[in-house]
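Hydrogens, waters and symmetry mates play no part in the numbers below; they use all other heavy atoms, side chains included. Just so you know, ligand 1 is whichever comes first in the structure, and atom 1 is the first atom listed for that ligand.
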Amino acid sequence: MILILLGPPGAGKGTQAKILEERYGIKQLSTGDMLRAAIAAGTETGLKAKAIMDAGNLVSDDVMVAMISERIEEPDCANGFILDGFPRTIAQAEALDEMLSKKGLALDAVLEFQVDEAALFARIEKRAKEDGANARADDTAETMRKRLAVYHEQTAPIIPYYADQGKLKTIDGMLSVEEVSSQVSDALA
Ligand code: AMP
């Protein structure tokens, strides 16, 4: 099974991806986590990405498409995977369709998590507090505003793209983790 989790930062994509990973035995691929690992490892990609991420902007489509294209070839993706944070632009969505069809794979569903944006600020603040000294540099109210603006400008246009393909499932992301998870199960049944 191949899934995309879509929604603004703090919508709960990561939490649901981990539940889906367990439930279906498919791998969560978080491009944000991959980039943060590249920064921690001091790779060239990481060094270039850091300032862009800290400012709440998007890393270039070329870098992200190459990263995912290589990653999904790994053996742990053979059963399927959950894309968490990718695609984030129409160009990435088109590149993904192309790479999947070249590899003889097909997308099963796109889960869009709808949330009340005022509540997202509280969620991000909570995440930053819980993470303490390890908190992400981009989990601040100021960067959050920028990340939301980028989401609306560059990522939200992929919602109609997948609706046209008949792949889009809408999830109420404001419910409890358990309730969201049960909506996700129903959407995939
Ligand atoms: P996330 O952990 O998904 O919130 O991602 C954190 C940051 O990593 C984003 O604000 C972007 O700067 C960058 N990033 C993650 N995924 C992508 C992507 N698919 N395209 C471009 N930038 C990305």
Side-chain angles (χ1 to χ4, degrees), residues 2-21 27-73 77 81-100 107 110-115 117 119-131 134-159 161-162 171 173 180:
I2 301 177
L3 302 174
I4 291 175
L5 304 193
L6 197 59
K13 303 185 293 292
T15 304
Q16 294 300 324
K18 293 213 161 61
I19 296 173
L20 287 166
E21 198 172 40
K27 190 75 193 162
Q28 173 194 14
L29 302 181
S30 156
T31 41
D33 284 351
M34 289 159 78
L35 287 166
R36 283 183 286 276
I39 293 174
T43 67
E44 199 183 322
T45 302
L47 291 175
K48 282 191 193 145
K50 185 172 183 343
I52 299 170
M53 291 169 72
D54 286 355
N57 288 314
L58 294 185
V59 174
S60 79
D61 289 333
D62 291 357
V63 168
M64 299 316 299
V65 168
M67 189 178 270
I68 282 296
S69 175
E70 280 169 26
R71 185 64 187 83
I72 65 177
E73 296 280 353
C77 290
F81 46 89
I82 308 152
L83 294 168
D84 164 11
F86 181 95
R88 258 176 157 99
T89 62
I90 289 275
Q92 290 180 17
E94 288 171 349
L96 176 66
D97 275 347
E98 203 184 310
M99 84 175 76
L100 289 180
L107 184 62
V110 178
L111 304 170
E112 186 215 33
F113 293 81
Q114 292 188 337
V115 284
E117 296 198 355
L120 294 182
F121 286 86
R123 282 194 183 178
I124 290 286
E125 261 172 32
K126 186 167 168 266
R127 180 162 77 186
K129 234 181 230 154
E130 283 168 358
D131 293 347
N134 297 322
R136 291 168 45 171
D138 60 352
D139 272 351
T140 64
E142 192 195 337
T143 312
M144 182 66 186
R145 267 188 287 277
K146 175 67 184 171
R147 287 159 71 201
L148 272 178
V150 167
Y151 178 78
H152 287 297
E153 278 162 27
Q154 301 191 56
T155 305
I158 71 180
I159 296 169
Y161 177 86
Y162 287 119
I171 306 291
V180 173

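- Ionic pairing of Lys50 and Asp54 is present here: one or more N-O contacts between side-chain nitrogen and carboxylate oxygen are shorter than 4.0 angstrom.
- Every side chain to side chain donor-acceptor pair (under 3.5 Å) that Asp138 has, sequence neighbours left out, goes to Arg136.
- Under the side chain to side chain donor-acceptor pair (under 3.5 Å) criterion, Glu94 pairs with no residue at all, not counting sequence neighbours.
- Taking each heavy atom of Thr143 and Ala55 in turn, the nearest pair found is CG2-C, 4.0 Å.
- Nearest heavy atoms, Ala93 versus Pro87: N-CB, 3.5 Å.
- Residues of the protein with a heavy atom under 4.0 Å from ligand 1 are Thr31, Gly32, Leu35, Arg36, Met53, Asn57, Leu58, Val59, Met64, Gly85, Phe86, Arg88, Gln92, Arg136, Asp138, Arg147, listed by chain and number.
- Residues forming a side chain to side chain donor-acceptor pair (under 3.5 Å) with Asp97 (at least two apart in sequence, or on another chain): Tyr161, Gln165.
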